[in-house]
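Convention: sequence-line order gives letters A, B, ...; per-chain numbering from 1.
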There are 4 protein chains.
Amino acid sequence: MPNSKKTAAERPAPERRGELLATAAEVFAAHGYNATTVRRIADEAGILAGSLYYHFDSKESMLDEILSAFLDELWDGYDAVLAARLGPRETLEALVTESFREIDRHRPAVAIYQRESRHLALQPRFAYLADSQRRFEQAWLGTLRRGAAAGVFRADLDVRLAYRFVRDTVWVAASWYRPGGAHSPEEIARQYLSMVLEGIAVRE
Amino acid sequence: MPNSKKTAAERPAPERRGELLATAAEVFAAHGYNATTVRRIADEAGILAGSLYYHFDSKESMLDEILSAFLDELWDGYDAVLAARLGPRETLEALVTESFREIDRHRPAVAIYQRESRHLALQPRFAYLADSQRRFEQAWLGTLRRGAAAGVFRADLDVRLAYRFVRDTVWVAASWYRPGGAHSPEEIARQYLSMVLEGIAVRE
Amino acid sequence: MPNSKKTAAERPAPERRGELLATAAEVFAAHGYNATTVRRIADEAGILAGSLYYHFDSKESMLDEILSAFLDELWDGYDAVLAARLGPRETLEALVTESFREIDRHRPAVAIYQRESRHLALQPRFAYLADSQRRFEQAWLGTLRRGAAAGVFRADLDVRLAYRFVRDTVWVAASWYRPGGAHSPEEIARQYLSMVLEGIAVRE
Amino acid sequence: MPNSKKTAAERPAPERRGELLATAAEVFAAHGYNATTVRRIADEAGILAGSLYYHFDSKESMLDEILSAFLDELWDGYDAVLAARLGPRETLEALVTESFREIDRHRPAVAIYQRESRHLALQPRFAYLADSQRRFEQAWLGTLRRGAAAGVFRADLDVRLAYRFVRDTVWVAASWYRPGGAHSPEEIARQYLSMVLEGIAVRE
DNA sequence: CATGAATGAGGCTTCATTCAT
DNA sequence: AATGAATGAAGCCTCATTCAT
């Protein structure tokens, strides 16, 4: 029986923050950060706009918390993959699978990231987005280059074009993916990988 | 070489609307429609904010004109391709190539479309976006299905997944493509098609 | 004598809307709806222009509320008169007296109504003004016709002309009437009725 | 053959001003001075807004010209009546008849005067409106007082109330009068006078 | 924790007016 | 006489944020 000795007024209720952040993320993802009013988030949460400021410093700090929580988790996953030092193809497969898992768990955050990260990264507060972007490119581009050198990926392709191809292919999925749909993240990852690696044309 | 010796003052400039629209499209694409202030567009055009209203009814009508001009041109191209009744693979190749050409010519409009069409399509004024979206899906999905039935595209893939894969793969390019860069639209189309059709893995 | 000992700070003030509406009505009446700026209303109320939007949707919705509140009360009074089924002369007297009472209680609203109702009635939102106008005409014109048929009103007059004569005569008073002046509404009504019914000429 | 020696470019066309003023008056009367845009007037006249400034200094100067032309004519008529030094009843009849003739000829100007004169009179440029208003009151109030003293008008009425009654009764007609309707100005004047002087009740 | 009421900056838009052509 | 394009002031409204209760 946790918190059994506290009165209602004393209880810290730290889950409330989490709920509110989830609500905010959902609305940001649906309408865009700029087009989302603080009042809309409050409505969705069943409180008044001003009351949000008891929990958060500002609208921007909500966005900040949403994005950094997502990126922290994403890098936990990616770092584990990279630390395993698999072959290029296996690394690629693991990164793609991990990415779809993140989309599954943080869909709103991913959608927000897609839409807003480019201009947010220019602000000092969100400099970590640019950092993340750089590490991201290193991980993927490096894997592709390693694969091309090792002869497992085609060497006739412009590697930057291939990088963008794979990256976009994976992340744009956040714009249509709905958790609990027909396909599990792993299933989607498998099909995407199959298309990316083998192509959609029938081989003669 | 017409007009080559005329000064700015001599030109009749009935194309002022067009210039302003191009400016607006550039700013919308760079910062998003909502985050773009009418004043920013006017600054970029060297006039005052209010002066834009001599040429356009509203900020929204600028957006409308930008998007519908783009879609009109896009469908001119697509319809020509579809009317040619090529085989599925050739149709896919032609559609992809045509798409990259449109990205080349209407990059800002394409970027705006990517970012805003989903929620705009809900407004009656932009209902044509939803229409276009439907026709678009028919054209691509139909081609993919035809190809799978004809044995030129793999039949083991979820066709809707493949559709999203190809669609996103092509259009997201607008977010990083810069006209006049290293690759022509046709060159990019060729490489993308090669990846989409054959995959990036080396075949044993 | 309720609330007689409470300070301003203690009052719950759920009637803030009402105060603001009264202020708005006063300014609309004095300068006309179009010529009244939202800032002027706010100044008069001691707040900033934007703050009005916490209480009201728009300038137009203030106007709407002012006019519909007035008409609701007016029809309460008129309906009571009409329901009494008095003779034509007594009905006319009661309608005139009731009208001057409404002018006394809703002078700003009446003045606004005079000035703006004609063009407002064209907008769907203010369609009730046209409805009211129709019922109004029925009530007065019917009474005049009944009286002419019954031989209590002169039958040699164009009844529509007489209707306009009586109607305008009464309502234009709102443009000069000031509550708390020399005459009570009932006193003014009595004199107006005397003029309307008997004329201003001395009878030989 | 007037103007037969002038080329098209040289002709002064002074009637154009008059046409434009008539157009402006019509629009001012229909929608109110403030709510009327200069562009609306120009549209109605088939030219562009800026072109009006070739003919007039400002929107306000159009209003000025419309109102002062009307008042000049009105006072020509009133002064003739007053100079005739008729008896009070005959003076009243002549003033009322003259007023309806002015409404017939200057309906838009009268409607504008009704709606705008009160606040315009506060501006120096329109001080003549206040002057006119004072002379107007003198003429009518004096006639009524003369009549009451002479025993031709009832002496039991508040004379200021009677003044407002007669004044409003006459001028408000401009808000519904349409030239070329069923009644001539003289006919309307006769009926109004009959109501004002004898009342609408049947005499026992 | 939350409300109710407000602030103040800034956004979109309108409009009378100007002026070179 | 009229056009086309612009100015600049002002108007309505939105919204993130604050704060006393």
Expressed as a whole number of angstroms, how long is the span from [X]:[atom1] to [N]:[atom2]?
X     : N      : atom1 : atom2 : answer
A/L20 : E/dC1  : CG    : P     : 10 Å
A/E19 : E/dC1  : CD    : C1'   : 13 Å
B/K59 : E/dT14 : NZ    : P     : 14 Å
D/M62 : E/dA16 : CE    : C1'   : 10 Å
B/N34 : F/dA16 : CG    : P     : 12 Å

### Query
Dot-bracket for DNA chain E: what is it, with Watson-Crick or G-U pairs under 3.5 Å, [ ] where a pair crosses earlier ones, and | for a pair to another strand?
.||||||||||||||||||||
Could you tell me whether the phosphate oxygens of [N], OP1 or OP2, come under 4.0 Å of any side-chain nitrogen or oxygen in [X]?
X     : N      : value
C/H55 : E/dA6  : yes
A/Y53 : F/dT18 : no
D/S51 : F/dA1  : no
B/Y54 : F/dA6  : no

### Message
Please verify the inter-ring angle class for A/F70 with A/Y113; under 30° counts as parallel, over 60° as perpendicular, anything in between as tilted.
### Response
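The rings of A/F70 and A/Y113 stand perpendicular, inter-plane angle above 60°.
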### Query
Given B/R107 and B/E26, is the salt bridge (charged side-chain N to carboxylate O under 4.0 Å, His left out) satisfied, shown in steps?
CA-CA 9 Å; B/R107 189 193 44 81; B/E26 215 72 61; 2.6 Å; yes
### Message
Give the residues of residues 35-48 of chain B touching DNA chain F, defined as any heavy atom closer than 4.0 Å, sorted by residue number.
### Response
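Going residue by residue through residues 35-48 of chain B, the ones with a heavy atom under 4.0 Å of DNA chain F turn out to be B/I47, B/L48.
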### Task
Without swapping roles, check the side chain of D/S61 against the backbone of D/S58 for a donor-acceptor pair under 3.5 Å.
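Between the backbone of D/S58 and the side chain of D/S61 there is a qualifying donor-acceptor contact (under 3.5 Å).
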### Within residues 31-67 of chain D or reaching into it, pairs that qualify as ring pair (Phe, Tyr, Trp, His ring centres under 6.0 Å) - sequence neighbours excluded
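Counting only pairs at least two positions apart or across chains, the ring pair (Phe, Tyr, Trp, His ring centres under 6.0 Å) contacts touching residues 31-67 of chain D are D/F28-D/Y33.
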